Trainee: 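Before I ask anything, here is the structure I am working with.
Quantities reported herein were computed from a predicted structural model and do not represent experimental measurements.
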Amino acid sequence: MLGFGKKKKVLVDDQKLYVPVNGKVVNLSTVSDPVFAQKMMGEGFAVEPEDKLVVAPVSGEVTVLQPHAVGFKRADGLEVLLHMGIDTVSMNGKPFKLFVKVGDIVSGGDKIAEVDWSKIKQAGFPLTTMVLITNSKDLLDDFSVDYGNCDHGESIGWAKSK
């Protein structure tokens, strides 16, 4: 068989976290939205973006797709949400161009979207982009991130499940 129709498999051993956009990686507690800053949606990190290209922050299956957010499920069960900008849900998808669909298997660093950050800035919304482990309370065992300036696709830490 030639392998047509076979799904790419999620990498079981990839516990790395990848920078989704070029920019400065910051602690989640510094984000202007209290829902994110107080980790109500889970442990994670944020990036102040400097480029339109957005890549997968983890290896896994795309499970949620909104114009402003993409959800992933890793092989170990950790669920990760990439949220592009703050309050951008109200923009009805206008500054976002997605290149994935639900069910796609991606590797950390794969291209998943492009964002016109200037439109978000003109609308008066923060550009801050969050990577959140939404099932942290149930499955996250250990988490580490290196903060500072980074390039998209760069491995900056890891998250280990229980």
Trainee: Measure the CG-CH2 distance between Asp146 and Trp158 for me, rounded to the nearest 0.5 Å.
Mentor: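 These two atoms lie 10.0 Å from each other.
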Trainee: Are any side-chain N or O atoms of Asn22 and backbone N or O atoms of His152, one a donor and one an acceptor, separated by less than 3.5 Å?
Mentor: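 Pair found, side chain donor or acceptor close to backbone of His152.
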Trainee: To the nearest 0.5 Å, what is the distance between CZ on Phe45 and CD1 on Ile156?
Mentor: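 The CD1 atom of Ile156 is 4.0 Å from CZ of Phe45, to the nearest 0.5 Å.
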Trainee: May I ask you to test the Lys111-Leu53 pair for a side-chain heavy-atom distance under 4.5 Å?
Mentor: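 Counting from C-beta outward, Lys111 and Leu53 do come under 4.5 Å.
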Trainee: Give the cluster check for Val21 versus Met91: same hydrophobic cluster or not, with ILVMFWY residues linked at side-chain heavy-atom distances below 4.5 Å.
Mentor: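 Looking at the clustering, Met91 is in the same group as Val21.
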Trainee: Phe72 and Pro57: which non-hydrogen atoms are nearest, and at how many Å?
Mentor: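 Closest approach of Phe72 to Pro57, heavy atoms only: CE1-CD, 3.6 Å.
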Trainee: A side-chain contact here means heavy atoms from C-beta on lying under 4.5 Å apart; do Phe143 and Ser136 qualify?
Mentor: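 No, side chains not in contact.
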Trainee: Measuring from atom OG of Ser107 to atom CG of Asp14, what distance do you get when rounded to the nearest 0.5 angstrom?
Mentor: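 It comes to 7.5 Å.
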Trainee: May I ask whether Val100 and Val115 are part of the same hydrophobic cluster, defined by side-chain heavy atoms of I, L, V, M, F, W, Y residues being less than 4.5 angstrom apart, directly or through others?
Mentor: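 Yes; Val115 is reachable from Val100 via cluster members.
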Trainee: With sequence neighbours left out, what residues match Asp138 under side-chain contact (heavy atoms from CB on, under 4.5 Å)?
Mentor: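 Applying side-chain contact (heavy atoms from CB on, under 4.5 Å) to Asp138 gives none.
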Trainee: Around atom NZ of Lys162, are there more than 12 heavy atoms of other residues, nucleotides or ligands at under 6.0 Å?
Mentor: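 Yes.
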Trainee: Do you reckon Val106 sits in the same ILVMFWY cluster as Phe96, going by side-chain contacts under 4.5 Å, direct or chained?
Mentor: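 Same cluster.
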Trainee: Under a 4.0 Å threshold between the charged nitrogen and the carboxylate oxygen, would Arg74 count as salt-bridged to Asp76?
Mentor: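 Looking at Asp76 and Arg74, the cut-off is met.
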Trainee: Considering non-hydrogen atoms only, spot the tightest contact between Ala69 and Leu81 and give its length.
Mentor: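 Closest approach of Ala69 to Leu81: CB-CD1, 4.0 Å.
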Trainee: Let me confirm one number: the CD-OG1 distance from Glu43 to Thr134, rounded to the nearest 0.5 Å.
Mentor: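 Going from the CD atom of Glu43 to the OG1 atom of Thr134 covers 12.5 Å.
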Trainee: What's the shortest heavy-atom distance between Lys52 and Trp117, and which atoms?
Mentor: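 Closest approach of Lys52 to Trp117, heavy atoms only: CA-NE1, 3.9 Å.
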Trainee: What pair of heavy atoms forms the shortest contact from Tyr18 to Gly153, and how long is it?
Mentor: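 Reported closest heavy-atom pair: CD2-O, 3.3 Å.
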Trainee: With rounding to the nearest 0.5 angstrom, report the OG to NZ distance, Ser144 to Lys160.
Mentor: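 Here the rounded value is 9.0 Å.
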Trainee: Can you name the one residue among Met84, Gln66, His68 that meets side-chain contact (heavy atoms from CB on, under 4.5 Å) with Leu98?
Mentor: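 Filter result, single survivor: Met84.
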Trainee: State, with a plain yes or no, whether a side-chain heavy atom of Asp33 is found less than 4.5 Å away from one of Asp87.
Mentor: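 Touching, per the 4.5 Å side-chain cut-off.
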Trainee: Stepwise, does the side chain to side chain contact (heavy atoms under 4.5 Å, CB included) test hold for Leu17 with Val58?
Mentor: CA-CA 5 Å; Leu17 297 170; Val58 293; 3.8 Å; yes
Trainee: Would you check if Val102 and Val64 make a side-chain contact, meaning some heavy-atom pair closer than 4.5 Å?
Mentor: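 No - every pair of side-chain heavy atoms lies 4.5 Å or more apart.
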Trainee: Applying a strict under-4.5 Å side-chain criterion to I, L, V, M, F, W and Y, I'd like to know whether Val80 and Val26 cluster together.
Mentor: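 Shared cluster, no.
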Trainee: Hey, any chance Leu82 and Met41 share a hydrophobic cluster, counting ILVMFWY side chains that come within less than 4.5 Å of each other, even indirectly?
Mentor: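 No, separate clusters.
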Trainee: Tell me, do Leu132 and Leu28 make a side-chain contact under 4.5 Å, heavy atoms counted?
Mentor: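 A side-chain contact exists here, since the closest heavy-atom pair is under 4.5 Å.
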Trainee: Can you sort out the partners of Asn135 under side-chain contact (heavy atoms from CB on, under 4.5 Å), two or more places apart, ordered by chain and number?
Mentor: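 Only Leu78, Glu79, Ile133, Leu139 meet the side-chain contact (heavy atoms from CB on, under 4.5 Å) criterion with Asn135.
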Trainee: Is any side-chain heavy atom of Val62 closer than 4.5 Å to one of Val70?
Mentor: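 In contact.
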Trainee: Are any non-hydrogen side-chain atoms of Met130 and Val31 less than 4.5 angstrom apart?
Mentor: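 Contact flag for Met130/Val31 side chains = yes.
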Trainee: So which atom in Pro126 and which in Ile120 form the shortest heavy-atom distance, rounded to 0.1 Å?
Mentor: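 In terms of heavy atoms, the two residues are closest at O-CG2, 4.0 Å.
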Trainee: Looking at every heavy atom in both Gly93 and Pro67, which two are closest together, and how far apart are they?
Mentor: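 Heavy atoms only, the tightest pair is CA-CB, 3.3 Å.
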Trainee: Roughly how far, to the nearest 0.5 Å, is the CD atom of Glu114 from the CG atom of Asp51?
Mentor: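 Going from the CG atom of Asp51 to the CD atom of Glu114 covers 8.5 Å.
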Trainee: Looking at residues at least two apart in the chain, or sitting in another chain, which of them share a ring pair (Phe, Tyr, Trp, His ring centres under 6.0 Å) with Phe36?
Mentor: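 Testing Phe36 for ring pair (Phe, Tyr, Trp, His ring centres under 6.0 Å), a comparison that skips the adjacent residues, returns His83.
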Trainee: Exactly one of Thr129, Leu127, Val35, Thr128 should register a side-chain contact (heavy atoms from CB on, under 4.5 Å) with Ile86. Which one does?
Mentor: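 For Ile86, the side-chain contact (heavy atoms from CB on, under 4.5 Å) test succeeds with only one of Thr129, Leu127, Val35, Thr128, which is Thr128.
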